[in-house]
Amino acid sequence: MEVTMRAHSRFVALISAPAMAVALGATFASGLLAPLNAVAGCNGGYGGHYYTNAVSGSGNTPGTGANTNTWTHWSVANNGVNFSDEAVWLISSSNNNNAIEGGIYSGSGSNVAWTNSVLPYYTTNNGANEHDGAGDNFSANQAIFMWVQDDTVPRLAYAQIGPYGFQIGYYFVNKPAENYSQGETYNNNGVWMGGGSGETFYGKWQDTSGNWNPWGFHNDCADYPYYNTHLNNQQWTSGGY
Amino acid sequence: MALLGGAVVAAFAMGGYAIAAGLFGTSPAATGCRISDRLFLQPAAFGAFTSIVSNDQEQLPIRGIHGGSQPGFVTAYTAGAIHGSIANLALSGRYREEEDSFARSLGNTPGPFPMVPLAGSVVSENPGLLEVYESSWTFRTEDAAAAWMAARQQSVIGDPQAARGDASAVGPGVLAVTSLLGPADGRHEHVARFLTRHHATVTEIVFQGGAGVTPASTASLAKVAFDTVVANCDA
C-alpha cells in the first residue's frame, strides 16, 4: 500500500536563525575538526539501501541533534521490506559499528514489524540493534528536535525524538566521534525520502557540558534519485522519490 | 476470533513431525533453508485473516548500515521473506472507521489497510490475535545465523516494555518475549514474539493483538510455524 499525507503547511519552518559567529566559535573552541577519516559517504545503493548524508566534524562530542519537521507526505510501498527514515547519528571515527542512531521512519521495523505510520526509533551498533517507538505516532509536519547522546559521564545514553524519549543506558561511542545525519530508504521503488519534497534539517552537536551548538560545517552526498541540497553551514534539505 | 488456529495445530500434531532433533540442530555442515512460501503459515491458519504483506527480503530488515566493516550476518545473508496477516474484523465496520479517523487526525489519508500497528477499540474489545508477522532469514553459515539471532534477541529484549516469556511448550532454544506496542492503556496491542534457529535459518513469528495474546496462548501456533519451517526447509 502507499501512505500519503496531506500537506498541513506548504513550507517548513526553520527552527532558529543561524548564528554563524556563535556556531563557528563554539565549534572550534570545542576542538571539533574536519573528519579524520573519510566518511564512507553515500553508498550508491548498497544492498538496495539509498542514502543522503550530511556529516560535520569529529571530536570529543557526546551527542548529535537536528531540528526538522516530520513529513507532510510520504510513500512506502508496502511489501513488508521497504522503509524510509531520517536520523541523526553519533559515530566513532575509528569504528562505524560503534554508533547511536535516532530518528523517524515508516515501513519495516524491528520490534514493530511493519507500520504505515511515522514512528520514532533508535539503533545502536550501526543499526544492528533497533528499538521502535510503538504507539508513538507523529502528526504530519510536526516540528521536532531529534538527538542522541552517549553515556559520557555523568549522563546515560539517550535518544530523544521530538516528544518521545528513550533511555539507552550504558553505551559509549569512542572518540573522536562524528556528528552525522542521514536519510535512508530501502529501496527506491515507490519509497519517498524526506516526504518526497524534502525536509530541512538544522544540525547541532553537543559539547561535553551538554550544550547544543549549531554545526560549523558539513559535507553532503546523495544517492540518485534522492537529493541533498546544501543550504548553509548548519542546514540542508534532503528528499526525493 | 480464533486465537490458536486449532485445526492447524491438530493437523500438525497428528502429523507427528520429528522435530526435536532437527529443529535446533547445529551441525556445521547444515545449510540454511531455501526460502519459499512453503516455510510460512498462511493467513487462514490464524482464523479470518487477510495477507497484509508477503514478500522476499533481499536484504536483512535493518537500517543504518554504513560503509566500512559490516557485521558478518550482513555479508553472509543470502535470502529471506516476511509474511504478515491482519484480522478481517479490523478491515471494515466501526473498527476500521475508528482507525481511519485516527489516521486522519494525524494527517494520514487512509489506504487499503488500516494504520498499523492497530490501536483503539479494536484492541480493547478483542482479546485475540489481530496481526501476525512471520519472517525467515537464511545465511551462508550457522555462525552468521547465530549472530543474527543474537542481534535480534538484543533488539527485542532491549525494548523497555519487553519481558522474557515461557517458550518451553515450543521447544528448546526458542526465545519468547512479550511486550506492548504502546502504553499499557488497554488500547495498544500486546505482543508475543518467538525466535528460533534451524541450522543457518532464523525464524521469527510475532503475534499482536488484545490482552489475551501471550506466549502461553500463542505457543501452539508458534510451534506449528517452526515445525513448518523444519518440514519444508529443503522443499
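Residue numbering restarts at 1 for every chain, and letters A, B, ... go by the order of the sequence lines. Basis for what follows: all heavy atoms, side chains included, without hydrogens, waters or symmetry-related copies.
The backbone N or O of A:Asn111 sits less than 3.5 Å from a side-chain atom of B:Arg193, completing a donor-acceptor pair. Under a 3.5 Å cut-off, the side chain of A:Asn116 and the backbone N or O of B:Val116 do form a donor-acceptor pair.
Between B:Arg152 and A:Ser110 the shortest heavy-atom distance is NH1-OG, 2.7 Å. The two residues A:Ala128 and B:Ser155 have their closest heavy-atom pair at O-OG, 3.5 Å. Closest non-hydrogen pair, B:Pro117 versus A:Val112, comes out as CG-CG1, 3.5 Å.
The CD atom of B:Gln153 sits 11.0 Å away from the CG atom of A:Asn129 when rounded to the nearest 0.5 Å. Within the model, atoms NE2 of A:His73 and OG1 of B:Thr109 stand 7.5 Å from one another, a figure rounded to the nearest 0.5 Å. Taken to the nearest 0.5 Å, the OG1 atom of A:Thr70 stands 9.5 Å off from the CG atom of B:Leu106.
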### Query
Does the pair B:Glu58 and A:Tyr186 meet the rule for a side-chain contact (heavy atoms from CB on, under 4.5 Å), with working shown?
CA-CA 10 Å; B:Glu58 297 173 355; A:Tyr186 181 87; 3.3 Å; yes
### Task
List the steps and the verdict of side-chain contact (heavy atoms from CB on, under 4.5 Å) for B:Phe102 and A:Asn137.
CA-CA 10 Å; B:Phe102 178 57; A:Asn137 301 283; 3.7 Å; yes
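The side-chain heavy atoms of A:Asn125 and B:Gln154, taken from C-beta on, include a pair separated by under 4.5 Å.
Summarising the local packing, CG of B:Asp185 is surrounded by more than 12 heavy atoms from other residues, nucleotides or ligands at distances under 6.0 Å. Sparse packing is recorded around CZ of B:Arg164, with 12 or fewer heavy atoms of other residues, nucleotides or ligands lying under 6.0 Å away. More than 12 heavy atoms of other residues, nucleotides or ligands lie within 6.0 Å of OH in B:Tyr95, so this atom counts as buried by the packing criterion.
Of the two parts of A:Glu101, only the side chain, counted from C-beta on, holds a non-hydrogen atom closer than 4.5 Å to a non-hydrogen atom of chain B. Both the backbone and the side chain of B:Ala151 have a heavy atom closer than 4.5 Å to some heavy atom of chain A. In this structure, chain B has a heavy atom under 4.5 Å from the side chain of A:Asp85, while its backbone stays farther away. Residue A:Tyr122 touches chain B through its side chain alone, counting heavy-atom pairs closer than 4.5 Å. Looking at A:Tyr105, the atoms closer than 4.5 Å to chain B (heavy atoms on both sides) all sit in the side chain, from C-beta outward.
Heavy-atom pairs under 4.5 Å with chain A were tallied for B:Ala81, B:Gly84, B:Gly182; the largest tally goes to B:Gly182. Heavy-atom pairs under 4.5 Å with chain A peak, among B:Tyr77, B:Tyr133, B:Trp148, at B:Tyr133.
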